[in-house]
Amino acid sequence: MAKTKDVRAAVEKEIDFDPLVDSADISVVNVGGDVALNGTVSSYPQYLEAAAAARRVAGVKIVDNHLEVVLPESDFRDDAMLTTAANNAVANNVTVPDGVEATADDGNLTLSGTVSYGTERDAAETAVSGLIGVRNVRNDIDISYGIDPVDVDLHVQQALDRSALVPDGSDVTTETKDGIITLTGHVRTWAEHDAVVVAAQMARGVIDVRDEIQITG
């Protein structure tokens, strides 16, 4: 089956067909595979899912998510209520260690604290992203884990080698500085891109991942 060459139309259809997104107020702009999403959605999970849907489309290289979350009146939560709900969600997530805290300001959540792994940092963000009343999430959690940069590079490369979704012969390379991994190279699809980033995030000693991978498909 031939794939459409009209990336903008394909992204619009992918978002429209996604049952988790109301696409009524979303517009799509495409310039050479660089896709921008504009408009409004009614929840933060829809904000995230719209971008995820766009990344599934062949020919999409970059997604700039400019969507604004406009909550329905019934979903508004005052700062104290949302802060309590977010801290309870973090505390009840077995993957998130003690010491992570959330604060709310007009529906905008900020996460703070210190964890040992990037996966714990991501788990904290996931724990609060689906709460009613959330308009945005800012993840300011620090990662503290002492390990030799050479060992970090080795752990990341081994993780990439183990991943079934990272193609053999991939030219993706890694460079470590202060626990931050910079990924460079090329992949064919967003699925391969996401597999590389997730594999790197799961590696021992990684504080953060800087993504400079190019998509060629």
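Being a predicted model, the structure only gives us computed values, none of them experimental.
- Each salt bridge (Lys or Arg N to Asp or Glu O under 4.0 Å) pair with one or both residues in residues 17-32, not counting sequence neighbours, appears once here: D18-R56.
- D171 pairs by the salt bridge (Lys or Arg N to Asp or Glu O under 4.0 Å) definition with nothing, not counting sequence neighbours.
- D211 pairs by the side chain to side chain donor-acceptor pair (under 3.5 Å) definition with H193, not counting sequence neighbours.
- Shown here are the side chain to side chain donor-acceptor pair (under 3.5 Å) partners of D98, two or more places apart in sequence or in another chain: there are none.
- Legend: ring-ring contact (aromatic ring centres under 6.0 Å, His included) pairs involving residues 45-82, not counting sequence neighbours, sorted by first then second residue: Y44-Y47.
- Listed by chain and residue number, V115, E120 satisfy the side chain to side chain contact (heavy atoms under 4.5 Å, CB included) test with P97 (two or more places apart in sequence, or in another chain).
- Residues meeting the side chain to side chain contact (heavy atoms under 4.5 Å, CB included) test with P19, sequence neighbours left out: none.
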Extract all donor-acceptor atom pairs below 3.5 Å that involve side chains of residues 122-134 and protein atoms in other chains or at least two apart in sequence.
{"unit_1": "E125", "atom_1": "OE1", "unit_2": "N139", "atom_2": "ND2", "d": "3.1"}
{"unit_1": "T126", "atom_1": "OG1", "unit_2": "D122", "atom_2": "O", "d": "3.1"}
{"unit_1": "S129", "atom_1": "OG", "unit_2": "E125", "atom_2": "O", "d": "2.6"}

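- Put simply, the side chain of V70 does not reach to within 4.5 Å of the side chain of V41, judged on heavy atoms.
- In this structure E212 satisfies the side chain to side chain contact (heavy atoms under 4.5 Å, CB included) test together with T182, T184, R210, sequence neighbours excluded.
- A side chain to side chain donor-acceptor pair (under 3.5 Å) check over residues 78-91, counting only residues at least two apart or in different chains, returns nothing.
- Residues meeting the side chain to side chain donor-acceptor pair (under 3.5 Å) test with D16, sequence neighbours left out: S23.
- Taking the side chain to side chain contact (heavy atoms under 4.5 Å, CB included) definition, one finds that S112 meets it with E101, sequence neighbours left out.
- Using a 4.5 Å heavy-atom threshold, the side chains of I141 and T114 count as separate.
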